Engineer: 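Can you read through this structure? Questions will come right after.
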Amino acid sequence: MALTRGFRLARIAGIDIDIDWSLMIIFTLITMILATGVFPVWHPDWPAALSWGTAVAAAILFFASVLIHEMSHALVGRANGIDVRHITLFVFGGMAHMENEPPSWQSELAMTIVGPITSLVLGMIFLWIGGVIAGPIAVDPDNPGAVFAQLSPAATLCFWLGPVNIILGLFNLVPGFPLDGGRVLRAVIWAVTGNLYLATRWASRSGQAFAWLLMATGFAMILGIQVPIFGGGLINGLWLAFIGWFLNTAAVMGYHQLTLRNALEGVPVTRLMQTRLTRLQPDITVARVIEEHVMESGQRTFPVEEGGRLTGMISLSDLQKIPVAERTHIRVHEVMTPMERLITVTPSTDSMEALSVLGKWDLNQLPVVENGRFIGLVRREDILKWLSLYFPAGEKLPV
């Protein structure tokens with residue numbers, strides 16, 4: 001699905017890099033924590049401007065590291081038959097969006113494992129560069145923390161980014177889908193069972209279990225319990241619980257996405273579309289459309305044709321915008337959405353792709369067009385009706 005809240009940052013190697021506005025939340029938090037908490041402790045003699053400048057640089061380089069992590073996924077994925085067209089950076093890091101499921105468990109494993117490896121390598125590179133910049137440092141056994149005060153801003157950046165990238169790489173190896181470790185687990189189960197659907201279900205449940213563990217830990221911290229590694233406190237607890245909630249949602253959505261693909265891929269829209277539709281001429285008045293067609297047909301959208309070719313579409317919302325007094329002389333072609341502005345699909349488009357297009361553009365229906373001719377209309381409700389017949393009675397639809 002396309003990014004809906006944010007902006008396009010760049011296009012690298014044919015991959016669109018999108019920034020979601022939620023990224024600003026964690027960017028601000030990282031900057032504030034470093035500028036007001038970490039760096040003043042490491043460098044009590046630094047002026048505030050230097051602490052804030054270094055903190056902003058650290059936050060930027062951290063998300064550059066996340067981008068490199070995701071780019072490694074995307075590039076290795078493309079080399080293994082997985083189409084990745086864009087990457088989104090958001091509050092929880094980043095995501096390389098796969099347009100299709102991996103063709104084999106080997107492809108899944110190669111694409112997935114490269115991300116944590118990239119973060120671990122980046123972490124070691126930052127530590128090495130930091131050591132080169134810092135040079136020999138005298139360590140006082142009675143005051144080991146004073147070693148940080150000897151570091152330059154560049155070395156400080158490297159010695160912060162190094163461990164952070166290593167932690168990022170290790171965290172992603174946790175076997176909980178959709179984390180990289182969960183996808184590695186899915187690849188292993190897929191290799192053993194030969195069943196992607198079963199592997200996704202088990203990996204998803206593993207991800208949900210890990211997410212619930214994080215949420216429980218977060219709530220314990222909120223209640224004042226000190227947890228090893230994570231510590232305690234309201235803010236830390238809320239953040240951990242929020243991460244757990246996000247991972248649980250992502251794990252469920254990952255499983256549902258595959259379920260949808262199983263149900264809809266290979267099903268052409270021609271099997272689901274509506275064909276018995278009233279078609280309008282472009283010169284008919286809005287008043288006639290309302291009087292003769294809207295109430296009689298029950299349609300909410302009408303194709304407009306001229307000479308057997310689709311020239312546009314008009315919907316109830318278009319008709320409602322026309323004042324009552326003007327409807328007798330306003331023609332359909334004056335208020336319709338013209339063909340060149342329509343988002344359409346072809347008869348060979350499968351229903352999964354159609355559903356993706358509906359979601360991407362927040363539409364309720366898509367015209368099915370072939371060589372300029374209107375074939376039918378596939379609606380979101382038609383796809384939902386198909387899914388309701390595909391899944392057993394009582395089972396929740398994965399949409």
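Computed over heavy atoms, backbone and side chain alike; hydrogens, waters and symmetry mates excluded. Since the structure is predicted, the reported quantities are computational estimates derived from the model, not experimental observations.
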Engineer: Which atom names give the shortest non-hydrogen contact between Ser107 and Asn80, and what distance separates them?
Structural biologist: OG-O, 3.1 Å

Engineer: Side-chain heavy atoms under 4.5 angstrom apart, residues restricted to Ile, Leu, Val, Met, Phe, Trp, Tyr: same cluster for Val269 and Leu366?
Structural biologist: yes

Engineer: Check whether Ile15 and Leu23 end up in the same hydrophobic cluster, where Ile, Leu, Val, Met, Phe, Trp and Tyr are linked by side-chain heavy atoms less than 4.5 Å apart.
Structural biologist: yes

Engineer: Looking at Arg186 and Glu101, does any basic side-chain N land under 4.0 Å from a carboxylate oxygen?
Structural biologist: yes

Engineer: Atom CG in Leu9, atom CG in Asp18: separation rounded to 0.5 Å?
Structural biologist: 8.5 Å

Engineer: Should Phe39 and Leu151 be counted in the same cluster of Ile, Leu, Val, Met, Phe, Trp and Tyr side chains packed under 4.5 Å apart?
Structural biologist: yes

Engineer: Got Cys158 and Leu161 here, is their nearest side-chain heavy-atom distance under 4.5 Å?
Structural biologist: no

Engineer: Between Pro303 and Leu377, is there a side-chain heavy-atom distance shorter than 4.5 Å?
Structural biologist: no

Engineer: Hey, are the side chains of Met339 and Val369 touching, using non-hydrogen atoms and a 4.5 Å cut-off?
Structural biologist: yes

Engineer: Is Trp212 reachable from Trp245 through a run of hydrophobic residues whose side-chain heavy atoms are each under 4.5 Å from the next?
Structural biologist: yes

Engineer: Any luck finding a side-chain donor-acceptor pair between Thr112 and His73 under 3.5 Å?
Structural biologist: no

Engineer: Evaluate Leu387 against Leu264 for side-chain contact (heavy atoms from CB on, under 4.5 Å), listing each step before the verdict.
Structural biologist: CA-CA 8 Å; Leu387 290 172; Leu264 297 176; 4.0 Å; yes

Engineer: With heavy-atom distances below 4.5 Å as the criterion, would you say the side chains of Phe126 and Ile166 are in contact?
Structural biologist: no

Engineer: Taking atom CH2 of Trp202 as the centre, does the number of heavy atoms from other residues, nucleotides or ligands within less than 6.0 Å exceed 12?
Structural biologist: no

Engineer: So, for Met98 and Arg261, which heavy atoms are closest and what is the spacing to 0.1 Å?
Structural biologist: O-NH2, 4.1 Å

Engineer: Between CG of Leu310 and CG of Leu342, what distance do you get to the nearest 0.5 Å?
Structural biologist: 6.0 Å

Engineer: Under 4.5 Å between any side-chain heavy atoms of Leu272 and Ile383, yes or no?
Structural biologist: yes

Engineer: Is the count of non-hydrogen atoms from other residues, nucleotides or ligands lying under 6.0 Å from Met253 atom CE greater than 12?
Structural biologist: no

Engineer: Spell out, yes or no, whether Val76 and Met71 are grouped together once hydrophobic residues are joined by side-chain heavy atoms under 4.5 Å, including indirect joins.
Structural biologist: no

Engineer: What distance separates Leu170 CG from Leu120 CG, expressed to the nearest 0.5 Å?
Structural biologist: 5.5 Å

Engineer: Heavy-atom distance under 4.5 Å between the side chains of Leu319 and Val289, does that happen here?
Structural biologist: yes

Engineer: What I want to check is whether the side chains of His69 and Ser119 have a donor and an acceptor closer together than 3.5 Å.
Structural biologist: yes

Engineer: Which heavy-atom pair separates Val294 from Leu316 by the least distance, and what is that distance?
Structural biologist: CG1-CD2, 3.6 Å

Engineer: Taking NZ, NE, NH1 and NH2 as the nitrogens, is one of them in Arg380 or Asp382 under 4.0 Å from a carboxylate oxygen of the other?
Structural biologist: no

Engineer: For Arg288, does the CZ atom sit with more than 12 other heavy atoms under 6.0 Å from it, leaving out its own atoms?
Structural biologist: no

Engineer: Any side-chain heavy atom of Phe302 within less than 4.5 Å of one from Arg279?
Structural biologist: no

Engineer: Indicate the atoms forming the closest heavy-atom contact of Met336 with Thr311, along with that distance.
Structural biologist: CE-O, 3.4 Å

Engineer: Can we call the ring centroids of Phe90 and Phe63 under 6.0 Å apart?
Structural biologist: no

Engineer: Could you tell me the separation between the CH2 atom of Trp239 and the CG atom of Leu234, rounded to the nearest 0.5 Å?
Structural biologist: 14.0 Å

Engineer: Measure the spacing between CG of Leu258 and CG of Leu198 and express it to the nearest 0.5 Å.
Structural biologist: 11.0 Å

Engineer: Check the side chains of His43 and Ser51 for a donor-acceptor pair under 3.5 angstrom, ignoring hydrogens and angles.
Structural biologist: no

Engineer: For a quick test of reading the model, state the closest non-hydrogen atom pair linking Asp180 to Pro116 and the distance between them.
Structural biologist: OD2-CD, 3.2 Å

Engineer: Counting only heavy atoms not in Glu306, do more than 12 fall under 6.0 Å of its CD?
Structural biologist: no

Engineer: Of the non-hydrogen atoms in Gly94 and Glu70, which two are nearest, and what is the gap between them?
Structural biologist: O-OE2, 3.2 Å

Engineer: Salt bridge or not between Arg8 and Asp16? Use side-chain N to carboxylate O under 4.0 Å.
Structural biologist: yes

Engineer: Could you tell me the separation between the CG atom of Asn195 and the CD1 atom of Ile189, rounded to the nearest 0.5 Å?
Structural biologist: 10.5 Å

Engineer: Just wondering, do Phe177 and Phe210 contact through their side chains at under 4.5 Å, heavy atoms?
Structural biologist: no

